[in-house]
Every structure is written in C-alpha cells, then in structure tokens.
Enquirer: 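Next up is a structure, given as structure tokens.
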Amino acid sequence: MTAVPSGGFRAPKGIPEYVGPEFTTVRDTLVREADRAGYAHIELPVFEETALYARGVGESTDVVSKEMYSFDDRGGRSVTLRPEGTAGVVRSVIEHGLDRGGLPVKLRYAGPFFRYERPQAGRFRQLQQVGVEAIGVDDPALDAEVLAVADAGFRALGLRGYRLEITSLGDASTRPQYRAELTRFLEKLDLDEATRERARINPLRVLDDKRPEVREQLTDAPLMVDHLSDEAAAHHAAVKRHLDDLGVAHVENPWMVRGLDYYTKTTFEFVHDGLGSQSGIGGGGRYDGLMAELGGRPLSGVGFGIGVDRTLLACRVEEAGLDTAARVEVFGVPLGEAARDRLVGIVGALRRAGIRADLAYGSRGLKGAMKAADRSGARFALVLGERDLEAGEIQLKDLADGSQTAIALDGAAAAVDRAVHGD
RNA sequence: GUGGGUGUAGCUCAGUUGGCAGAGCACUGGGUUGUGAUCCCAGGUGUCGCGGGUUCAAGUCCCGUCACUCACCCCA
C-alpha cells in the first residue's frame with residue numbers, strides 16, 4: 001500500500017472505499033432482482049443492543065464471541081455495530097408487528113456490516129451486503145424463490161463462474177441425535193487442540209475444515225442429510241425440485257455448514273472459484289427458531305446475504321457487469337470568458353432537461369478542454385468561441401465520429417436534446 | 001488470533017558486490033493562440049513506510065515497529 005506522510009490520515013484498517021460507479025452498479029443490480037420479486041425496502045439501525053446478536057446469532061459463533069464491534073454508549077448501554085442483517089430484520093418485524101399482516105413478510109436491505117476480523121482478499125471489517133428475508137411461511141417454494149433472486153442478481157451482472165451449493169441442516173426433531181453421533185465420530189479422530197475445541201462448541205463446524213489432513217478423516221463422517229426427519233427431507237427434496245423448475249443450477253454439498261447458529265433445514269452458499277480463499281459471494285438459509293428466540297411468534301423465515309464487495313471482485317475477475325457508463329452525455333468546451341459564461345447557462349438548461357452535462361472549468365486551452373471532453377465519456381462536445389458568439393452559433397461535435405455541425409445559439413439546449421436522443 | 005510475503009513518484013514496478021533517485025503509464029503545457037482519442041517535444045512533486053543500528057557512505061545490510069498482502073481460522 002502507499003506510504004502516508006507522517007501526520008496523514010488514512011481510513012481505518014480493513015475498511016474499503018469505493019470510487020466511481022462500479023460499487024453502486026453491483027449493489028443496485030442485486031437489489032433490483034429482490035424488488036422484482038416483491039421484497040420491500042427496510043432501512044435498519046447500523047447498531048443494536050448487544051444482546052440481540054448474542055441471542056439471535058448465537059453465543060457459540062465466532063461472529064459473536066470474537067468479532068463484534070461492541071461498546072458502551074454514553075448511557076452505559078452495550079451496543080454493537082451490526083455484524084449481519086437477519087437478527088435486526090427479525091427484531092424489527094417483531095417490534096412493529098409486521099407479521100400480523102399478510103404472510104410472508106418480504107423485506108430486502110442493503111448497507112454496511114461490521115466484523116472485527118483480520119483483513120484479507122475479500123474480507124473486510126466493514127463489509128457491504130444486500131440481503132432479503134421472507135418471514136412467516138414455511139414453504140419450500142419460498143426457499144427456492146430466495147435462491148432464485150440471488151441467482152438472478154449474479155446473472156444480471158453477467159457472472160457465470162459461480163455455483164450454488166445447497167444442503168439441509170435438518171430441524172429440531174433430529175438434529176440433537178445427529179449431533180451426538182457426529183461428536184462420537186469426531187472424538188475418535190486425530191485432531192489438534194484448536195479443532196477439538198471447535199468440535200466441543202459446535203461439531204458441525206468441523207465438517208467444512210479446508211485442511212486436506214482433516215478432510216481425509218471426514219470422508220466417512222455421518223452427514224446431516226442422512227439423518228433428516230421425514231418432514232425436513234421432504235422439504236429439502238421440494239426445494240431442489242423447485243430450483244430445477246426455475247432453472248437455477250445447484251449442487252448438493254452435505255459437508256457445508258453455516259457459522260450462524262440460527263439456520264435450520266435449507267442452507268446454501270454461492271461459491272466463486274476466482275476469488276482465492278474468501279470464495280463465498282453469498283449465503284443463507286432457513287431459520288425456524290429465530291423469531292421465537294427473539295420474543296416473537298414461532299414463525300419460520302428464509303433469507304440470504306450477498307457480499308457486495310466479493311461480488312464486485314468476482315465481476316472484476318470475470319470482467320463482467322461493469323461497463324463503465326459515461327459520466328456525462330454532453331461536455332462544454334468554452335474559448336474565453338464570454339463563451340464560458342454563456343455555456344454555463346446552456347449546461348444548466350441541459351441538466352434541467354434531464355441530460356447529464358459538464359463543462360471545462362478553469363482557464364484550460366482548447367486542446368486541454370477537448371481532452372477533458374474526451375475523458376468525460378460524453379458523446380457530444382459543445383464548442384463555443386468568440387467567432388461563434390458573433391455568428392450566433394455553437395458547434396456541436398460528435399466525439400464518436402468527429403463530425404461537427406453549427407447550430408443556433410438560441411434554443412441550443414433543445415437542439416442538443418434532440419441530438420442526444422437521436423434526432 | 002496463528003503463519004508466510006511485500007513496503008521506492010498518483011498507478012505498476014526496476015534499482016547490480018552498499019557509491020548521484022529511475023522507467024513505463026497517468027497528469028500538465030507546447031508542437032497546432034478553433035478541436036479530443038494517434039504522433040513528437042518539454043515538465044516532477046519521492047521524509048525510498050516509520051524509528052534505531054552498522055558503515056567514510058544505506059533504497060540496498062541488521063534490529064524493532066507500523067501498514068499492506070496471502071494463507072489458516074471465520075464468513076459475505
């Protein structure tokens with residue numbers, strides 16, 4: 001990274017900044033697909049009381065136990081910068097009784113989340129997510145819809161090099177027995193102390209260890225998908241059938257685990273292979289117990305979170321979805337002060353007409369101003385000098401083919417409007 | 001939290017056994033005081049990440065530190 005002069009400020013560690021249109025293009029494309037499926041916008045607090053996450057996300061998760069930005073506010077209340085979105089959405093649904101109307105409640109959100117982690121490629125302390133939640137209906141078709149919305153977002157960006165991995169984490173009726181069986185299996189393995197500790201906290205977590213020596217030992221591990229209740233198994237089969245109907249490609253990955261405790265039944269992750277270690281560009285699943293856990297009615301929900309930062313990285317890797325739109329459509333090139341004064345008014349009129357326009361400020365030479373026009377991405381340059389002022393004209397130059405025509409100064413904005421919109 | 005790698009111009013980087021701080025790109029101006037994207041010419045602003053040490057001499061060697069980065073872990 002570049003050196004900063006002593007005394008210079010820099011952004012806090014692990015916090016990315018976005019300059020230019022790429023970030024919003026990715027974020028808004030993902031959001032648009034949720035809008036199409038009828039998800040309403042919800043704007044949530046960026047911090048909540050700490051207990052919400054401790055209870056909702058789960059004390060045993062790494063996110064809660066060692067990655068939260070928690071602090072006491074001036075009133076002595078412990079608050080936490082939101083590490084994920086689902087707990088906040090569920091809290092809001094309960095608090096405002098949104099689940100008393102028609103179900104499911106379908107909401108989508110976008111914004112920054114915070115986790116105190118060691119930064120890495122695709123891993124930030126302030127991460128941007130787009131997410132949806134559909135609460136109140138336990139229907140496998142809804143799981144499939146959520147997955148289809150995420151998939152449509154990635155495809156709308158032109159992404160192709162990702163896959164959807166899916167599995168079921170079962171429900172409360174058989175998970176405890178499975179968990180006990182897995183624990184007995186893991187106890188027989190040759191594992192280091194840190195991994196044993198993880199197994200004690202949550203044995204499922206060990207299943208997706210990436211180290212080859214651990215993976216080898218896990219090939220015969222009991223899997224949740226083989227221990228599903230009849231209901232969970234039927235749900236899982238139905239989700240996959242709906243995905244096939246929707247044309248959403250997916251692969252079963254029975255070793256996949258989510259790091260957040262609230263997931264049940266359907267869980268999934270979108271994986272991109274071009275990103276190095278942090279390959280998950282989105283993930284989520286169904287949560288049967290979260291509403292009740294947070295004091296609401298015992299309703300099931302399903303949702304996803306997509307990492308906008310990682311999706312942006314994936315777009316760069318695939319060179320997809322990031323056609324940089326021109327900053328403006330028309331660029332004014334004045335020669336001299338009188339021309340500049342007149343162009344300021346014309347550019348203003350163009351903007352009022354809904355045309356994106358800019359002009360060369362300062363005292364640049366003609367050549368420099370033309371260069372600026374070129375860099376702006378504008379299709380047209382409006383060149384105005386003394387000669388034109390005397391003739392009552394302005395030069396409209398098509399920067400794509402170099403052709404130039406004189407148009408009357410009076411009503412120039414309307415003429416430019418016609419040229420921009422194709423005659 | 002653990003383990004590697006790297007810090008030189010706005011960006012990407014070169015810099016020999018320790019001996020004058022460099023290139024390309026970008027930027028600004030000019031060639032053409034009325035025309036961009038091509039071409040030619042000119043122009044540089046760097047605490048060589050920071051602090052200490054060794055040396056006649058440190059971008060270069062040593063120690064520390066900070067930052068960035070990759071992997072583990074975790075997850076989006």
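Remember, predicted model here, so these are calculated numbers, not experimental data. Below, chain A is the first sequence line, B the second, and so on; all start at residue 1.
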Enquirer: Rounded to whole Å, please give me the gap between CE in A:M68 and C1' in B:rA76.
Expert: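 Atom CE in A:M68 sits about 17 Å away from atom C1' in B:rA76.
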Enquirer: Decide whether a cation-pi geometry holds between A:R125 and A:Y116; the criteria are a distance under 6.0 Å from NZ or CZ to the six-membered ring centre and an angle within 45° of the ring axis.
Expert: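 Yes; both conditions hold, so A:R125 lies above the ring face of A:Y116.
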Enquirer: When we call it a touch if two heavy atoms are under 4.0 Å apart, what does A:Q128 touch: a base, just sugar-phosphate, or nothing?
Expert: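 Nothing: the residue A:Q128, judged by heavy atoms under 4.0 Å, touches no strand.
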Enquirer: Taking atom P in both B:rU60 and B:rU54, compute the distance separating them and give it to the nearest angstrom.
Expert: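 Between the two P atoms, the distance is 15 Å.
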Enquirer: With respect to the side chain of A:Q120, which nucleotide from B:rC74, B:rG34, B:rC70 is positioned closest?
Expert: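 Of all the options, the side chain of A:Q120 is nearest to B:rC70.
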Enquirer: With a 4.0 Å limit, can you tell me whether A:R258 has a side-chain N or O closer than that to the phosphate oxygens OP1/OP2 of B:rA76?
Expert: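 The answer is yes; a side-chain N or O of A:R258 sits under 4.0 Å from OP1 or OP2.
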Enquirer: Would you mind telling me which of B:rA76, B:rC73, B:rU35 lies closest to the side-chain atoms of A:L127?
Expert: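 Of B:rA76, B:rC73, B:rU35, B:rA76 is nearest to the side chain of A:L127.
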Enquirer: Rounded to the nearest angstrom, tell me the gap between atom CD in A:E213 and atom C1' in B:rA71.
Expert: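 Value for this atom pair: 13 Å.
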Enquirer: Let me spell it out: for each of A:G14 and A:D309, pick the nucleotide of RNA chain B with the closest heavy atom. Which residue's pick is nearer the 5' end?
Expert: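 Result of the comparison: A:G14.
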Enquirer: Whole angstroms only, please: what is the CD-P distance between A:E197 and B:rC74?
Expert: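 The distance from CD of A:E197 to P of B:rC74 comes to 12 Å, rounded to the nearest Å.
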Enquirer: Would you classify A:R387 as touching base, sugar-phosphate or nothing, given that sugar-phosphate means primed atoms plus P, OP1 and OP2, and contacts are heavy atoms under 4.0 Å?
Expert: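 Since a base atom lies under 4.0 Å of A:R387, the category is base.
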Enquirer: Taking 4.0 Å as the cut-off, does a side-chain nitrogen or oxygen of A:Q404 come that near to OP1 or OP2 on B:rU35?
Expert: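 For A:Q404, the contact criterion (side-chain N or O under 4.0 Å from OP1 or OP2 of B:rU35) is not met.
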Enquirer: Output the rounded distance in Å from CG (A:D398) to C1' (B:rU35).
Expert: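 Rounded to whole Å, this separation is 14 Å.
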Enquirer: Between A:Y178 and A:H227 (judged by ring centroids, cut-off 6.0 Å), do the two rings come close enough to count as a pair?
Expert: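 Ring-ring flag for A:Y178/A:H227: true, centres closer than 6.0 Å.
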Enquirer: Which value, rounded to the nearest 0.5 Å, describes the distance between A:R356 atom CZ and A:L350 atom CG?
Expert: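 Between A:R356 CZ and A:L350 CG, I get 12.5 Å after rounding to 0.5 Å.
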Enquirer: Once you measure the plane-to-plane angle for A:F71 and A:F47, does it fall in the parallel (<30°), tilted (30-60°) or perpendicular (>60°) bin?
Expert: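 The rings of A:F71 and A:F47 sit tilted, inter-plane angle from 30° to 60°.
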Enquirer: Would you classify A:E67 as touching base, sugar-phosphate or nothing, given that sugar-phosphate means primed atoms plus P, OP1 and OP2, and contacts are heavy atoms under 4.0 Å?
Expert: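 The residue A:E67 makes sugar-phosphate contact but no base contact.
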Enquirer: For the residue pair A:E145 and A:Y39, confirm or rule out a side-chain donor-acceptor distance under 3.5 Å.
Expert: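 A pair is found: one side chain offers a donor N or O, the other an acceptor, under 3.5 Å apart.
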Enquirer: For B:rG7 versus B:rC13, give the span between their P atoms, rounded off to a whole number of Å.
Expert: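 Approximately 10 Å lies between the P atom of B:rG7 and that of B:rC13.
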Enquirer: Could a donor-acceptor pair under 3.5 angstrom be found where the side chain of A:E117 meets the base of B:rA76?
Expert: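 It does, because a donor-acceptor pair links the side chain of A:E117 to the base of B:rA76 below 3.5 Å.
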Enquirer: In whole angstrom, give me the gap between the P atoms of B:rA42 and B:rC63.
Expert: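 Those two atoms are separated by 45 Å.
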Enquirer: Please classify the nucleic acid contact of A:K397 as base, sugar-phosphate, or nothing, using heavy-atom distances under 4.0 Å.
Expert: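 Base contact.
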Enquirer: Give a yes/no answer on whether the side chain of A:K367 brings an N or O atom under 4.0 Å of OP1 or OP2 in B:rG30.
Expert: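 For A:K367, the contact criterion (side-chain N or O under 4.0 Å from OP1 or OP2 of B:rG30) is not met.
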Enquirer: For A:D261 and A:S60, which I'm curious about, is there any donor-acceptor pair between the side chains at under 3.5 Å?
Expert: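 Indeed, the side chains of A:D261 and A:S60 share at least one donor-acceptor pair under 3.5 Å.
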Enquirer: Mind calculating the distance between CD (A:E390) and P (B:rG34) to the nearest angstrom?
Expert: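 It works out to 13 Å between those atoms.
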Enquirer: Is A:G276 touching bases, backbone alone, or none of the nucleic acid, heavy atoms closer than 4.0 Å?
Expert: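 Sugar-phosphate contact only - A:G276 comes under 4.0 Å of backbone atoms but never of a base.
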Enquirer: Nearest to the side chain of A:L260, heavy atoms from C-beta on, is which of B:rC75, B:rA37, B:rC74?
Expert: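 The listed nucleotide nearest to A:L260's side chain is B:rC75.
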Enquirer: Between B:rG29 and B:rC61, how many Å separate the two P atoms, rounded to a whole number?
Expert: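 Approximately 41 Å lies between the P atom of B:rG29 and that of B:rC61.
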Enquirer: Tell me what A:G385 touches on the nucleic acid: a base, only sugar-phosphate, or nothing, going by heavy atoms under 4.0 Å.
Expert: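 Base: the residue A:G385, judged by heavy atoms under 4.0 Å, touches a nucleobase.
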Enquirer: Quote, to the nearest angstrom, the C1' distance that separates B:rU45 from B:rC39.
Expert: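 Rounded to whole Å, the distance is 27 Å.
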Enquirer: When we call it a touch if two heavy atoms are under 4.0 Å apart, what does A:F113 touch: a base, just sugar-phosphate, or nothing?
Expert: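 The residue A:F113 makes no contact with any strand.
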Enquirer: Tell me what A:L399 touches on the nucleic acid: a base, only sugar-phosphate, or nothing, going by heavy atoms under 4.0 Å.
Expert: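 Base: the residue A:L399, judged by heavy atoms under 4.0 Å, touches a nucleobase.
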Enquirer: Both A:L275 and A:F124 contact RNA chain B. Which one's nearest nucleotide lies toward the 5' end?
Expert: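 The 5'-side residue here is A:L275.
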Enquirer: With rounding to the closest Å, how many angstrom separate the C1' atoms on B:rG19 and B:rC73?
Expert: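 Per the computed distance, 47 Å lies between those C1' atoms.
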Enquirer: What distance do A:D388 atom CG and A:I394 atom CD1 have between them, rounded to the nearest 0.5 Å?
Expert: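 The CG atom of A:D388 sits 7.5 Å away from the CD1 atom of A:I394.
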Enquirer: In whole Å, what is the span from the CG atom of A:D374 to the C1' atom of B:rU35?
Expert: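 Roughly 11 Å, once rounded to whole Å.
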Enquirer: Within the side chain of A:T29, is there an N or O that forms a donor-acceptor pair under 3.5 Å with the backbone of A:T25?
Expert: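 Judged by distance alone, yes, a pair lies under 3.5 Å.
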Enquirer: Kindly say whether, by distance alone, the side chain of A:R205 makes a donor-acceptor pair under 3.5 Å with the base of B:rC75?
Expert: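 Looking at the base of B:rC75, it does not pair with any donor or acceptor on the side chain of A:R205 (distance under 3.5 Å).
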Enquirer: Does A:G131 reach a base, just sugar-phosphate, or nothing at all? Heavy atoms under 4.0 Å.
Expert: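 Since no nucleic acid heavy atom lies under 4.0 Å of A:G131, the category is nothing.
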Enquirer: Tell me whether A:E318 contacts the main-chain N or O of A:R160 through its side chain, where contact means a donor paired with an acceptor under 3.5 Å.
Expert: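 Side chain of A:E318 to backbone of A:R160, a donor-acceptor pair under 3.5 Å: yes, one is there.
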Enquirer: On the nucleotide B:rG3, are OP1 or OP2 found under 4.0 Å from the side-chain N or O atoms that A:R118 carries?
Expert: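 For B:rG3, neither OP1 nor OP2 has a side-chain N or O of A:R118 closer than 4.0 Å.
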Enquirer: Just how far, in rounded Å, is P of B:rG1 from CZ of A:R123?
Expert: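 One finds 11 Å between P of B:rG1 and CZ of A:R123, rounded.
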Enquirer: For RNA chain B, list all stems, counting runs of three or more consecutive pairs where every pair is Watson-Crick or G-U wobble with both distances under 3.5 Å.
Expert: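 RNA chain B forms these stems: B:1-7 with B:66-72, B:10-13 with B:22-25, B:27-31 with B:39-43, B:49-53 with B:61-65.
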Enquirer: Please confirm whether the ring centroid of A:Y162 lies under 6.0 Å from the ring centroid of A:F154.
Expert: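 That pair passes the under 6.0 Å test.
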Enquirer: Figure out the CZ/C1' separation between A:F268 and B:rC75, and round it to whole Å.
Expert: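 Distance check: A:F268 CZ to B:rC75 C1' gives 14 Å.
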Enquirer: Using a 4.0 Å heavy-atom cut-off across all strands, classify A:A121 as base, sugar-phosphate, or nothing.
Expert: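 Answer is sugar-phosphate: A:A121 comes under 4.0 Å of backbone atoms only.
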Enquirer: Once salt bridge (Lys or Arg N to Asp or Glu O under 4.0 Å) is applied, do any residues pair with A:E48, and if so which ones, sequence neighbours excluded?
Expert: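 Salt bridge (Lys or Arg N to Asp or Glu O under 4.0 Å) check on A:E48 returns A:R91.
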Enquirer: State, without any angle test, whether A:T195 and A:D192 hold a side-chain donor-acceptor pair at a distance under 3.5 Å.
Expert: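 The answer is yes; a qualifying pair exists.
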Enquirer: Considering every strand and a 4.0 Å limit on heavy-atom distances, what is the contact class for A:Q129: base, sugar-phosphate, or nothing?
Expert: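 The answer is sugar-phosphate, as A:Q129 gets under 4.0 Å only of primed atoms, P, OP1 or OP2.
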Enquirer: Assess, by modelled atom type and distance only, whether the side chains of A:D288 and A:S300 contain a donor and an acceptor separated by less than 3.5 Å.
Expert: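 The answer is yes; a qualifying pair exists.
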Enquirer: Under 4.0 Å, heavy atoms only, any strand: does A:D209 hit a base, just the sugar-phosphate, or nothing?
Expert: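 If one applies the 4.0 Å heavy-atom cut-off, A:D209 turns out to touch the sugar-phosphate alone, with no base involved.
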Enquirer: Between protein and nucleic acid, restricted to nucleotides 24-28 of chain B and to nitrogen or oxygen atoms under 3.5 Å apart, what atom pairs and distances do you find?
Expert:
unit_1, atom_1, unit_2, atom_2, d
B:rC27, OP1, A:R375, NH1, 2.4
B:rU28, OP1, A:R364, NH2, 3.0
B:rU28, OP1, A:R375, NH2, 3.2
B:rU28, OP2, A:R375, NH2, 3.3

Enquirer: What integer number of Å spans the C1' atoms of B:rC66 and B:rG51?
Expert: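 Looking at atom C1' only, B:rC66 and B:rG51 are 10 Å apart.
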Enquirer: For nucleotides B:rC41 and B:rU32, find the distance between their P atoms and express it as a whole number of Å.
Expert: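 The same atom, P, in both gives a distance of 15 Å.
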